[in-house]
Amino acid sequence: MTKERLTSLDVFRGFTIFLMTIVNNPGSWSSIYPPLEHAEWHGCTPTDLVFPFFVFIMGTAIPFAMPVKHLDGAVFNKILVRSLRIFCLGLSLGFFGRIHLFGLEGLPLLALRLLIFFGIAYALLGDFSLKVKTYLVFGILAVLLFLAYSGLEHFEDVRIPGVLQRIAIVYFFTSLLYLKTNLKAQIITAVSILIGYYLLMAFVPVPGIGEANFEKGTNLAAWFDNLVLNGHLWSVSKTWDPEGILSTLPAIATGITGMFIGQILNLSITKMEIVKKLAVAGIVLLISGLLWNIIFPINKSLWTSSYVLYTGGIATLCLTFLYYIIDVANYKKWAKLFLIWGVNPMIVFYFSGIIPRVMSSVKMQNPEIGGEEIGFQAYIYKFGLLPNFENPLNASLAYALSYALFWSIILWILYKKKLIFKV
């Protein structure tokens with residue numbers, strides 16, 4: 001049993017994934033407007049809001065998805081299977097370019113990889129019975145982990161953490177917390193996590209390095225990631241991961257923050273009273289985050305406690321505005337674009353990870369350098385789009401917007417046909 005969907009929440013989710021699609025798909029990574037880039041380390045750009053917004057929205061949706069607070073074996077298994085399906089969707093993305101079978105190369109190999117990954121998508125997004133979902137997800141997880149730790153050359157450094165993996169873990173723990181505790185206990189849990197994480201990061205010495213610090217690659221979270229997941233971390237850093245293990249703890253607090261806001265939205269009071277409570281909560285969270293930033297800098301890669309409060313405050317205020325405009329004032333026609341994105345987020349998440357990999361696998365002859373091949377995406381951008389712009393920043397943004405338009409058409413078709421893919 002679930003409550004009726006909250007339109008403003010779907011629109012907020014849609015806007016977030018729309019923004020994610022734009023920031024993740026520039027025409028060139030060397031030509032990006034600063035607001036569409038992550039902060040170098042400490043600090044927060046609009047792009048750094050995308051991930052915590054997703055986690056926050058997921059937490060907000062829990063009270064709507066589980067209006068009856070009852071936890072038994074069947075409910076636990078349902079939560080576990082859904083979490084593992086999300087986890088496996090994210091984990092599998094790292095395997096796409098590593099599959100090599102039957103000596104295939106070029107387009108035949110690409111076709112095989114696509115066949116395998118469409119099979120994975122069907123297995124993890126298909127509407128099967130809970131029993132079938134359980135067998136499928138545990139089977140896929142076992143295969144992926146076996147490959148990752150088998151010692152096989154192509155898979156020995158495949159990344160284990162990731163965005164969907166973190167969302168899956170947060171969903172699992174926040175859902176159980178919601179079903180087993182009251183609001184007071186949830187708030188105490190979130191506060192305890194945030195304070196405990198700060199104490200760990202600020203005062204526990206880093207083995208082999210020295211004093212506790214918040215710097216890149218030398219902090220306690222980086223050390224712990226490298227200790228537990230050595231060889232399976234983010235390829236850019238290799239020794240630490242922005243979605244690592246220790247920093248997932250405060251991400252759970254982000255999910256709890258969203259869950260707290262979701263319960264305010266479910267209160268049996270007038271909508272205007274809800275708006276007032278949401279606004280107050282958002283302002284308190286935002287100010288608290290800015291104050292904590294003085295001693296524990298806002299940082300996405302570390303998912304610092306100040307970052308949790310700061311981004312949670314902004315997310316709450318954004319949702320408050322949308323709730324007032326859409327669900328109170330009933331002014332919603334303008335939001336159709338984001339609504340179609342918001343009701344089908346997982347298919348965009350997954351296939352937005354596959355499509356760039358496919359486009360980079362398809363090679364074209366470089367017209368400027370004889371004998372050199374470049375990826376299809378780079379070819380389209382460099383020789384089809386870039387010559388039409390004087391400013392490469394505008395060309396890169398135009399490519400990202402074109403990609404978002406491509407997805408908008410697909411999502412509109414799915415929406416009109418009432419096809420919603422749920423994990």
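Proximity of a side-chain donor or acceptor of Asn293 to a complementary backbone N or O of Gly289 within less than 3.5 Å is not detected. For the pair Asp225 (side chain) and Ile245 (backbone), a donor-acceptor distance under 3.5 Å is present. The main-chain N or O of Ser8 is found under 3.5 Å from a side-chain atom of Asp327 such that the two form a donor-acceptor pair. Ser352 places no side-chain N or O within donor-acceptor distance of the main-chain N or O of Phe349, the cut-off being under 3.5 Å. A donor-acceptor contact shorter than 3.5 Å is absent between the side chain of Ser396 and the backbone of Leu393. A donor-acceptor pair is defined here as one N or O able to donate and one able to accept, closer than 3.5 Å; such a pair exists between the side chain of Trp41 and the backbone of Phe214. Counting only distance, with no hydrogens or angles, the side chain of Ser306 and the backbone of Ile298 share a donor-acceptor pair below 3.5 Å. Checking side-chain atoms of Arg13 against main-chain N and O of Asn344 turns up no donor-acceptor pair under 3.5 Å.
Within the 4.5 Å cutoff, no side-chain heavy atoms of Ile140 are placed close to those of Ser92. Contact annotation: the side chain of Ile287 approaches that of Leu291 to within less than 4.5 Å [non-hydrogen atoms, C-beta and beyond]. Ile347 is listed as a side-chain neighbour of Leu414, based on a closest heavy-atom distance under 4.5 Å. Counting heavy atoms from C-beta outward, Leu124 and Val137 have side chains that approach closer than 4.5 Å. Between Leu302 and Tyr197, some side-chain heavy-atom pair lies under the 4.5 Å cut-off. With a 4.5 Å cut-off on side-chain heavy atoms, Trp234 and Glu243 do not count as touching. For the pair Leu93 and Arg357, the minimum side-chain heavy-atom distance is below 4.5 Å. Within the 4.5 Å cutoff, side-chain heavy atoms of Tyr198 are placed close to those of Ile295.
The environment of OH in Tyr122 is sparse: at most 12 heavy-atom neighbours from other residues, nucleotides or ligands sit within 6.0 Å. Counting non-hydrogen atoms of neighbouring residues, nucleotides and ligands closer than 6.0 angstrom, the CZ atom of Phe15 reaches no more than 12 such neighbours.
Atom CZ of Phe260 is separated from atom CG of Leu285 by 7.5 Å, given to the nearest 0.5 angstrom. The CG atom of Leu246 lies 12.5 Å from the CG atom of Asp241; values are rounded to the nearest 0.5 Å. In this structure, CG on Leu114 lies 7.5 Å from CD1 on Ile354, to the nearest 0.5 angstrom. With rounding to the nearest 0.5 angstrom, the CZ atom of Arg98 is 10.5 Å from the CZ atom of Arg113.
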Please report, to 0.1 Å, the donor-acceptor pairs under 3.5 Å made by any side chain of residues 45-74, with sequence neighbours excluded.
{"residue": "Thr45", "atom": "OG1", "partner": "Glu37", "partner atom": "O", "Å": "2.6"}
{"residue": "Thr45", "atom": "OG1", "partner": "Thr47", "partner atom": "N", "Å": "3.2"}
{"residue": "Thr45", "atom": "OG1", "partner": "Asp48", "partner atom": "N", "Å": "3.4"}
{"residue": "Thr45", "atom": "OG1", "partner": "Asp48", "partner atom": "OD2", "Å": "3.3"}
{"residue": "Thr47", "atom": "OG1", "partner": "Pro35", "partner atom": "O", "Å": "2.9"}
{"residue": "Thr47", "atom": "OG1", "partner": "Leu36", "partner atom": "O", "Å": "3.3"}
{"residue": "Thr47", "atom": "OG1", "partner": "Glu37", "partner atom": "N", "Å": "3.4"}
{"residue": "Asp48", "atom": "OD1", "partner": "His38", "partner atom": "ND1", "Å": "2.6"}
{"residue": "Asp48", "atom": "OD2", "partner": "Ala39", "partner atom": "N", "Å": "2.9"}
{"residue": "Asp48", "atom": "OD2", "partner": "Thr45", "partner atom": "N", "Å": "2.9"}
{"residue": "Thr60", "atom": "OG1", "partner": "Phe56", "partner atom": "O", "Å": "2.9"}
{"residue": "Thr60", "atom": "OG1", "partner": "Gly258", "partner atom": "O", "Å": "3.1"}
{"residue": "Lys69", "atom": "NZ", "partner": "Tyr178", "partner atom": "O", "Å": "2.9"}
{"residue": "Lys69", "atom": "NZ", "partner": "Thr181", "partner atom": "O", "Å": "2.6"}
{"residue": "His70", "atom": "NE2", "partner": "Asp72", "partner atom": "OD2", "Å": "2.9"}
{"residue": "Asp72", "atom": "OD1", "partner": "Ala74", "partner atom": "N", "Å": "3.2"}
{"residue": "Asp72", "atom": "OD1", "partner": "Val75", "partner atom": "N", "Å": "2.9"}

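Exactly one residue among Trp407, Tyr403, Phe338 makes a ring-ring contact (aromatic ring centres under 6.0 Å, His included) with Phe18. That residue is Phe338. Here the rule is side-chain contact (heavy atoms from CB on, under 4.5 Å) with Trp341, and of Val11, Leu19, Thr21, Thr16 only Thr21 fits it.
Remark: the Thr304 side chain and the Asn299 side chain contain no N/O donor-acceptor pair separated by less than 3.5 Å.
Taking the six-membered ring for Trp and thresholds of 30 and 60 degrees, Tyr379 and Phe383 have ring planes inclined between 30 and 60 degrees apart. In this structure, His232 and Tyr149 have tilted ring planes: the angle between them lies in the 30° to 60° band. Between Phe172 and Phe76, the ring planes are perpendicular. Angles over 60° get that label, and only those under 30° would be called parallel.
Annotation: Phe351 is not in aromatic contact with Phe117 [ring centroid separation under 6.0 Å not met].
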